[in-house]
Amino acid sequence: MLSKIFAECLDCGHKFDFSPTTLTCPNCAGQWLEARYDYQNIGHNLSARTAELPFNLWRYKDVLPVKGFNQELFMGEGGTPLIHAVNLGMMLGCPNIYIKDERQGPTSSFKDRQAAVNIASLKEAGITEMVLASTGNVAIAFSAYAARAGIKLWAFLTSLVPAEKMREVAIYGTQVVKVTASYDQAKQLAAEFARQRNLYLERGARSIPSVEAMKTIAYEISEQLREILGPTPISPSNDSLATPWRAPDWYFQAVSGGLGPLGVQKGFLELHQMGLIDHNPFIAGIQTEGCAPMAHAWRQNLEQAEPVRSPRTHIATLSTGDPGRTYTILRQRMNQNGGGIFESVSDKEAFRAMHILAKMEGISVEPAAAVAFAGLIKLVRAGQVKPTDVIVVNCTGHTMAIERTILGEGWARNVELPLETPDTSQVATPQEGLLAALSRVTVDRYPRIAIVDDTPDARRLIRRILQSQGNYTIFEASDGHEAIQLAQKELPDLIILDLMMPEIDGFSVLDSLKENPQTAPIPVIVVTAKELTPGEKKRLDGQIQSLMQKGEFMSDELLDEVRALVK
Ligand SMILES: Cc1ncc(COP(=O)(O)O)c(C=O)c1O
Ligand SMILES: [Zn+2]
């Protein structure tokens with residue numbers, strides 16, 4: 001009789017009792033072990049049981065590799081919010097985008113889950129010293145939990161890790177070993193160090209507690225989506241009953257070694273098996289172009305990924321060059337269940353997504369997390385994601401140091417107040433000095449832009465885009481009649497015009513503007529959800545400066561058009 005949790009060897013299928021320190025299969029010495037539970041028993045009342053527990057990852061302790069919940073180590077891990085990305089959704093024409101905000105974990109990345117479950121499990125096993133290799137976030141998360149648990153940690157960090165992150169690791173009392181080499185090499189060194197000293201080594205995707213920790217993301221998302229969207233609609237062809245929880249159509253994540261998607265995929269598979277969700281989502285694993293072994297292998301339909309020996313990316317967090325068997329398992333499971341895709345984006349696309357997310361959703365993420373959002377933008381644009389799909393993007397980590405290359409020039413305005421000395425304070429009152437200094441921050445006249453749209457959400461989106469960079473004086477009109485009056489009264493420098501409006505539509509507004517010599521020269525950008533007929537296109541010819549389709553442009557693209565027309 002096996003206990004609540006047991007391990008199964010992926011090579012020979014042998015099943016045996018789980019222990020955090022049994023790292024290989026007793027039958028074949030295989031290293032790839034996976035946790036199994038009595039799903040039938042657990043599944044039938046899991047949703048009822050969890051509903052009574054606080055919303056953190058320990059509400060799923062029945063399917064986690066620990067004997068019990070350890071209050072002493074607890075820092076509020078898991079239970080992160082699922083945030084509706086309204087503005088991003090409007091720009092992409094996909095209204096159901098949700099952000100799983102893993103920045104809100106104790107050390108601000110999704111690796112907190114991995115650290116919390118691992119350290120709890122290792123504490124139960126009496127481990128007091130351990131080793132890991134990391135591109136930053138894993139080391140930070142483990143350092144925090146190891147500090148609470150009284151476990152000495154050795155962190156092998158590739159020298160590519162930003163100095164700020166290295167210092168963050170060190171403040172927790174972890175021994176940092178900076179390895180001037182690639183991440184894969186740092187991993188080898190850590191493994192050899194652990195072997196020589198006979199210390200426990202964190203092994204990522206080959207570690208049962210790590211995979212099990214990551215699966216709680218799938219559990220939480222499924223519970224949260226059911227809460228937000230209600231039960232999955234039952235199609236006439238599908239006569240199954242509504243499931244207690246709800247799976248998304250897509251799960252997006254930035255991928256380095258692939259532990260995250262491996263765990264999340266296992267979570268969805270378990271939930272499906274237990275009847276808590278009715279389908280497995282598509283898993284979209286997004287890599288950075290300079291280090292994309294999985295995306296390359298996927299495109300070529302290879303079972304095994306060819307390692308990238310020298311990653312070329314500024315995003316060191318995602319620099320696993322050799323994903324090994326993790327890719328093969330992920331691919332096999334994607335092909336057998338739900339489906340999935342690996343895609344890559346450039347560093348530049350990731351930095352752009354960082355800007356868009358911060359400016360349009362108020363969510364500042366680190367470049368590695370932005371990679372997932374850049375991938376979403378790419379797949380929506382390519383028509384792979386349908387407008388009606390329910391999409392969850394894992395926002396895996398917070399902004400650390402914002403590097404110069406990401407922000408560009410001119411992001412701050414400098415104010416220098418004259419030093420107050422006994423002499424100068426005689427000359428000008430401090431108040432005058434302040435006002436004079438402030439007058440250098442602002443300029444007298446900002447370009448004046450009128451936004452004409454009958455939908456308040458669309459007006460808010462465009463206002464936000466304009467405010468997010470540069471300064472404009474903004475007017476709004478909510479119908480054609482108001483628009484004509486506003487244009488005559490304010491004579492704006494630019495009009496951003498919707499076409500489909502009740503009573504006086506955008507075409508008639510344009511006619512009226514062009515008839516009046518005062519308003520005729522005002523440039524117009526049409527932003528519309530309407531598919532234009534050739535006749536309608538002709539009507540706009542020569543009347544407007546630019547045409548943009550709602551749901552098909554990002555904030556920076558509209559800004560480029562605006563900047564080209566007003567200075
Ligand atoms: C912020 C962030 N996003 C994504 C990843 C990719 O993680 P993995 O492929 O190991 O799941 C990492 C890994 O360190 C990370 O720190
Ligand atoms: Zn085996």
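As the structure is a prediction and not an experimental result, all values here were calculated from the model. As the structure lists them, so they are numbered: ligands from 1, and atoms in each ligand from 1.
The residues lining ligand 1, counting any heavy atom closer than 4.0 Å, are F110, K111, T135, N137, Q253, A254, V255, S256, G257, G258, L259, G260, P261, T317, L318, E366, A368, T396, G397.
Within the sub-2.8 Å shell of the Zn ion (ligand 2), the protein contributes these N/O/S atoms: C9 SG, C12 SG, C25 SG, C28 SG.
Using the six-membered ring where Trp is involved, F74 and F69 have ring planes that are perpendicular, over 60° apart on the 30 and 60° scheme.
When the options Y39, Y60, Y37 are evaluated for a side chain to side chain donor-acceptor pair (under 3.5 Å) with E270, the one that passes is Y39.
In this structure, F252 has its ring center closer than 6.0 angstrom to the ring center of W250. Here F156 and F193 bring their ring centres to under 6.0 angstrom of each other.
Environment of CD in E192: crowded, with over 12 heavy atoms of neighbouring residues, nucleotides or ligands closer than 6.0 Å. The local environment of CZ in R381 is crowded, with over 12 non-hydrogen atoms from other residues, nucleotides or ligands closer than 6.0 Å.
In this structure, the side chains of M130 and L122 come closer than 4.5 Å at one or more pairs of heavy atoms. Counting heavy atoms from C-beta on, the side chains of N56 and E77 never come closer than 4.5 Å.
Atom CG in N41 sits 13.0 Å away from atom NZ in K4 (nearest 0.5 Å).
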